[in-house]
Protein chains: 2
Amino acid sequence: MSRLKQITEAVRDAGSLGVADLATLTGASEMTIRRDLEVLAAQGVLERYRGGARSLLLRGEEPPFALRSDENMDAKRRIAQAVVALLADGESVVLDSGTTCLEVARLLHDRRLTVMPLSLHAVNALSSSPTLTLLVPGGRPRPGELALTGPLTLASLQALRFDTAVIGCCGLSAEHGLTAFDLEDASVKRTAIASARRVIAAVDASKLTRTALAHVAPASALHAVVTDADGDDGLTAAGVTVVTA
Amino acid sequence: MSRLKQITEAVRDAGSLGVADLATLTGASEMTIRRDLEVLAAQGVLERYRGGARSLLLRGEEPPFALRSDENMDAKRRIAQAVVALLADGESVVLDSGTTCLEVARLLHDRRLTVMPLSLHAVNALSSSPTLTLLVPGGRPRPGELALTGPLTLASLQALRFDTAVIGCCGLSAEHGLTAFDLEDASVKRTAIASARRVIAAVDASKLTRTALAHVAPASALHAVVTDADGDDGLTAAGVTVVTA
DNA sequence: GTGTTTCAAACACCACTGATGTTCAATCCG
DNA sequence: CGGATTGAACATCAGTGGTGTTTGAAACAC
């Protein structure tokens, strides 16, 4: 686990912590801790005060992208591999934001597809590909996440029809369907789903038990769910194909 | 001058050249030359054959972005500084693609503005800014250049009204107005100009004598031209304010 | 105001990365 | 077949980013 994440969790659990405590905890020098706290404060994770920092992370809120990106890497990579196996050459694909979908993007680099990623991270991962046709949606990128949202994004999606939508999410259950932390994001996901003939959800197992604030779509809107553990949770009963990577 | 550019020009001037010749010319080893040629072939600059490479660069065609980006850096930076000095806080700005405008983007990082860049390079330069509101236009990024073009880009521009358009170009003269190498690019620039109240052209002196294929707008459509040398070329007579950086 | 704590800039250090050169076996072309 | 060319593998080296230490300044407590 990276020191940044270690600090984030320690401060979140304690509410607030001193620089010296964090130095002891991590084994790093106080100066390094200060530099880390500066980074985390810039990300909005916590708030500096003289001598320490206090957490700004609320329950039910998502930790910032930079801290999630290297979490569960192997699970995400396996899920991504299973997802790209479901895509046929020549297809047009809309690719959601999030760390799991970013792994999917990395695997698409040499494929022959038309892809519209909904996050600038994925756009950057794909912009050097000579083989695929890249379509960038308009929109306002959310800081850190770089997920595109807003009316320009919705308009870009509504102007097109895709063969497949690959959707990541923050929560998925048979009962509550697909849910997201951010309202704007949810509306983008909904529009992406509406403009695709086939919908694949890429969800690591930790999301299968969670439910987030914003409702995106019922589980029945999904054609396939790719996940890394066999916690089915009644999705098969709801008529969804569950693929275990 | 970078070795890549040196190789590009040598091959362009000779039509084709051997690996050994290039090694002697640049002072690098043959292996390094081969690796360079591989890079340049991937950029579409030249074509490999056993023992050497042949140029693919036509006259009147633009060398790829990666080779232009470090050309005339100081001139570009001075022009960019003069351009940002013309922008007031709170303004909404559409920022064209190209290397000069990328320098402008770098200087906007800490300003308070609303910016829509027309190239992914500029988007990346600005995506970490906490102070400005970044709007990404939709579109298809052109390889290398990463300039956004196509109907999605035009639609994004037409949906908005900007205070100022900062436009780069490939050629500018009082007689032929603003011109660009790429037809799609020209249509994007034209739309950007049409959706802005004020138009600033950022043009280094080498462009003031050149004229490219695609017509964008007459010189009279520009409110100000920022350039690095005082080669006026009759622009002032055409009613354009010329700012020399 | 004074003393203590905390902070940030400056510098040194180290690991790591990316670019380059060298070697050598495989490959291509005449 | 034979010489030239190539690309893979390894060694080397400079540049970079992250970390620790020092030191003077700033902030806080009294």
Side-chain angles (χ1 to χ4, degrees), chain A residues 1-8 10-11 14-43 45-56 64-67 69-71 73 106 109-110 121 124-125 127-128 130 144, chain B residues 1-8 10-11 14-43 45-56 64-67 69-71 73 106 109-110 121 124-125 127-128 130 144:
Chain A
M1 179 159 55
S2 79
R3 197 181 50 233
L4 273 303
K5 179 174 302 186
Q6 201 180 352
I7 293 174
T8 304
V11 174
S16 72
L17 265 181
V19 172
D21 302 329
L22 289 166
T24 311
L25 175 67
T26 60
S29 74
E30 296 201 356
M31 191 60 229
T32 301
I33 297 296
R34 283 194 200 95
R35 284 190 269 240
D36 287 348
L37 291 180
E38 196 179 356
V39 170
L40 293 171
Q43 289 181 11
V45 174
L46 44 77
E47 191 182 20
R48 275 311 304 278
Y49 61 83
R50 195 173 179 79
R54 131 182 61 253
S55 179
L56 289 175
F65 186 88
L67 293 178
S69 57
D70 53 352
E71 204 172 44
M73 272 301 271
R106 298 214 170 98
H109 193 277
D110 295 317
H121 288 300
N124 288 329
S127 64
S128 65
Chain B
M1 178 160 56
S2 80
R3 197 180 51 235
L4 273 304
K5 178 174 303 188
Q6 202 179 350
I7 292 174
T8 304
V11 175
S16 72
L17 265 180
V19 172
D21 303 327
L22 289 166
T24 312
L25 175 69
T26 60
S29 73
E30 296 202 356
M31 191 61 229
T32 301
I33 298 296
R34 283 193 202 97
R35 284 190 270 239
D36 288 347
L37 292 180
E38 195 179 358
V39 170
L40 293 171
Q43 288 181 13
V45 174
L46 45 77
E47 192 183 20
R48 274 312 305 276
Y49 61 83
R50 196 172 179 80
R54 130 182 60 255
S55 180
L56 290 175
F65 186 87
L67 294 179
S69 58
D70 52 352
E71 205 173 44
M73 272 301 270
R106 298 214 170 99
H109 193 276
D110 295 316
H121 289 300
N124 288 330
S127 64
S128 65

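When reading the values below, keep in mind they use all heavy atoms of this one structure, side chains included, and skip hydrogens, waters and symmetry mates. Convention: sequence-line order gives letters A, B, ...; per-chain numbering from 1.
Every residue two or more places apart in sequence or in another chain that forms a side-chain contact (heavy atoms from CB on, under 4.5 Å) with B/Thr8 is listed here: B/Leu40, B/Val45, B/Leu57, B/Leu67. Evaluation of the salt bridge (charged side-chain N to carboxylate O under 4.0 Å, His left out) rule for A/Arg106 yields A/Glu103 as partners, not counting sequence neighbours. Shown here are the salt bridge (charged side-chain N to carboxylate O under 4.0 Å, His left out) partners of A/Glu38, two or more places apart in sequence or in another chain: there are none. Qualifying side-chain contact (heavy atoms from CB on, under 4.5 Å) partners for A/Ala20, counting only residues two or more places apart in sequence or in other chains: A/Glu30. Listed by chain and residue number, A/Glu47 satisfy the salt bridge (charged side-chain N to carboxylate O under 4.0 Å, His left out) test with A/Arg54 (two or more places apart in sequence, or in another chain). In terms of the salt bridge (charged side-chain N to carboxylate O under 4.0 Å, His left out) criterion, residue partners of A/Arg3 (sequence neighbours excluded) are, by chain and number, A/Asp36. A/Ser128 meets the side-chain contact (heavy atoms from CB on, under 4.5 Å) test with A/His109; sequence neighbours excluded.
Across A/Leu46 and A/Ser55, no two heavy atoms sit closer than the pair CB-CA, 4.1 Å. Pairing each heavy atom of A/Ala53 with each of A/Val11, the nearest pair is O-CG1, 3.9 Å. Among all heavy-atom pairs drawn from B/Gly144 and B/Phe65, the shortest one is O-CB, 3.7 Å. When all heavy atoms are compared, the tightest approach of A/Arg34 to A/Arg48 is O-NH1, 4.2 Å. Shortest non-hydrogen contact noted between B/Ala10 and B/Leu25 is CB-CD2, 3.6 Å. Between B/Ser29 and B/Ala23, the shortest heavy-atom contact is C-CB, 4.3 Å.
Within the 4.5 Å cutoff, no side-chain heavy atoms of A/Ile7 are placed close to those of A/Leu17.
Interatomic distance, A/Thr32 OG1 to A/Leu22 CG, rounded to the nearest 0.5 Å: 12.0 Å.
Rounding to whole angstrom units, OH of residue A/Tyr49 and P of C/dC7 are separated by 10 Å. B/Asp36 has its CG atom 9 Å from the P atom of C/dG21, to the nearest Å.
An end-to-end axis angle of 40° holds for the helix from C/dG1-D/dC30 to C/dG30-D/dC1, taken from five base pairs per end and rounded to 10°.
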Where protein sits on nucleotides 24-30 of chain C, one letter per nucleotide: B base, S sugar-phosphate only, - none, heavy atoms under 4.0 Å: ---BBS-

Under 4.0 Å protein heavy-atom contacts per nucleotide of nucleotides 13-19 of chain C, with B for base, S for backbone only and - for none: -------

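A residue-by-residue look at A/Arg48 and A/Arg35 shows that A/Arg48 has its nearest nucleotide of DNA chain C further toward the 5' end.
A heavy-atom distance below 4.0 Å to DNA chain D is reached by these residues of residues 25-33 of chain A, ordered by number: A/Ala28, A/Ser29, A/Met31, A/Thr32.
Running 5' to 3' along DNA chain D, contacts with non-hydrogen atoms of chain A at under 4.0 Å begin and end at D/dT19 to D/dC28.
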